[in-house]
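Report on one structure; see the data block that follows.
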Amino acid sequence: QLQLAESGGGSVQSGGSLRLSCTTSAYTSSSYCVGWFRQAPGKEREGVAAINNVNARNYGDSVKGRFTISHDSAKNTLYLQMNSLKPDDTAMYYCALIADYIYGTMTCSPMALNYWGQGTQVTVSS
């Protein structure tokens with residue numbers, strides 16, 4: 001059974017930083033795509049970032065240049081470093097993966113993530 005457990009959310013003022021972490025069983029496979037998406041109340045889900053087994057990264061347009069996705073597969077942990085946070089970044093953030101991802105046959109896109117954890121809340125105040 002796939003496992004994803006997020007941590008690191010919280011409240012921060014505009015311009016501040018947070019780092020989210022996710023412990024996941026995705027790294028037991030040699031081919032994987034893991035990442036983050038977010039959803040604010042009343043808004044559609046938004047892909048934030050994704051990274052695959054060859055460290056190819058994809059970011060949503062609204063976070064490019066501010067957020068960085070990384071991972072430590074030896075620790076089974078995915079990270080999302082969020083800098084220059086804005087009130088519009090306020091949302092529930094979900095660690096997620098593409099189930100049955102096969103490297104070379106599909107794009108590792110944050111919009112394609114289809115299996116996710118419980119989420120962690122990020123609130124940015126102005």
Side-chain angles (χ1 to χ4, degrees):
Q1 184 176 356
L2 297 171
Q3 296 179 339
L4 303 126
E6 305 92 338
S7 62
S11 297
V12 65
Q13 289 192 326
S14 182
S17 298
L18 281 175
R19 188 176 81 158
L20 305 183
S21 299
C22 173
T23 302
T24 173
S25 60
Y27 298 109
T28 58
S29 172
S30 60
S31 182
Y32 55 80
C33 172
V34 292
W36 302 87
F37 68 86
R38 65 188 183 187
Q39 189 160 23
K43 294 186 177 181
E44 293 186 354
R45 168 179 154 174
E46 181 183 10
V48 174
I51 186 170
N52 68 3
N53 51 290
V54 296
N55 291 327
R57 294 167 169 85
N58 282 300
Y59 293 95
D61 288 341
S62 64
V63 306
K64 285 180 181 177
R66 300 188 299 122
F67 290 12
T68 302
I69 189 169
S70 63
H71 56 184
D72 185 338
S73 56
K75 295 183 179 179
N76 295 325
T77 303
L78 175 71
Y79 303 101
L80 184 69
Q81 178 66 43
M82 305 185 294
N83 298 330
S84 302
L85 283 161
K86 307 173 183 179
D88 284 349
D89 295 317
T90 296
M92 186 72 79
Y93 284 71
Y94 295 87
C95 176
L97 54 82
I98 298 178
D100 300 322
Y101 175 79
I102 300 174
Y103 172 67
T105 67
M106 56 185 77
T107 300
C108 179
S109 164
M111 287 305 297
L113 302 170
N114 57 12
Y115 190 94
W116 53 90
Q118 295 296 312
T120 186
Q121 178 67 37
V122 171
T123 302
V124 184
S125 58
S126 57

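These numbers were taken from a predicted model, which means no experiment stands behind them.
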When rounded to the nearest 0.5 angstrom, what is the spacing between [atom1] in [X] and [atom2] in [Y]?
{"X": "Gln81", "Y": "Phe67", "atom1": "CD", "atom2": "CZ", "result": "9.5 Å"}
{"X": "Tyr79", "Y": "Asp72", "atom1": "OH", "atom2": "CG", "result": "5.0 Å"}
{"X": "Trp36", "Y": "Ile69", "atom1": "CH2", "atom2": "CD1", "result": "8.0 Å"}
{"X": "His71", "Y": "Ser21", "atom1": "NE2", "atom2": "OG", "result": "13.5 Å"}
{"X": "Leu113", "Y": "Cys95", "atom1": "CG", "atom2": "SG", "result": "8.5 Å"}
{"X": "Asp88", "Y": "Lys43", "atom1": "CG", "atom2": "NZ", "result": "5.5 Å"}

Thr23 and Asn76: side chain donor to acceptor below 3.5 Å: no
hydrophobic_cluster_shared for Leu18 and Val124, side chain cutoff 4.5 Å: yes
Side-chain contact test, heavy atoms from C-beta onward, threshold under 4.5 Å: evaluate it for [X] versus [Y] and give yes or no.
{"X": "Gln121", "Y": "Thr90", "answer": "yes"}
{"X": "Val12", "Y": "Met82", "answer": "no"}
{"X": "Arg45", "Y": "Tyr94", "answer": "no"}
{"X": "Glu6", "Y": "Leu20", "answer": "no"}
{"X": "Val63", "Y": "Arg38", "answer": "yes"}
{"X": "Tyr59", "Y": "Thr68", "answer": "yes"}

For residues [X] and [Y], report the shortest heavy-atom separation together with the two atoms involved.
{"X": "Leu97", "Y": "Ala26", "value": "CD2-CB, 3.8 Å"}
{"X": "Pro87", "Y": "Ser125", "value": "CG-C, 4.5 Å"}
{"X": "Phe37", "Y": "Gly47", "value": "CB-CA, 4.1 Å"}
{"X": "Val48", "Y": "Tyr93", "value": "CG2-CE2, 4.2 Å"}

Donor-acceptor pairs under 3.5 Å, side chain of residues 101-109 to any protein atom, not counting sequence neighbours: which ones?
residue : atom : partner : partner atom : Å
Tyr101  : OH   : Asn52   : ND2          : 3.2
Thr105  : OG1  : Ile102  : O            : 2.8
Ser109  : OG   : Met111  : N            : 3.1

Side-chain donor/acceptor of Ser84 to backbone N/O of Gly15, under 3.5 Å: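 Not confirmed, Ser84 side chain does not pair with Gly15 backbone.
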Side chain Asn58, main chain Pro110, donor-acceptor under 3.5 Å: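 Here the side-chain-to-backbone pair does not exist.
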More than 12 heavy atoms from other groups under 6.0 Å of CG on Asp100: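 Result for CG/Asp100: open.
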Within 6.0 Å of CD in Gln39, more than 12 heavy atoms from elsewhere: yes
From Ile98, Asn53, Leu4, Leu78, residue fulfilling side chain to side chain contact (heavy atoms under 4.5 Å, CB included) relative to Val34: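 Single pass found, and it is Leu78.
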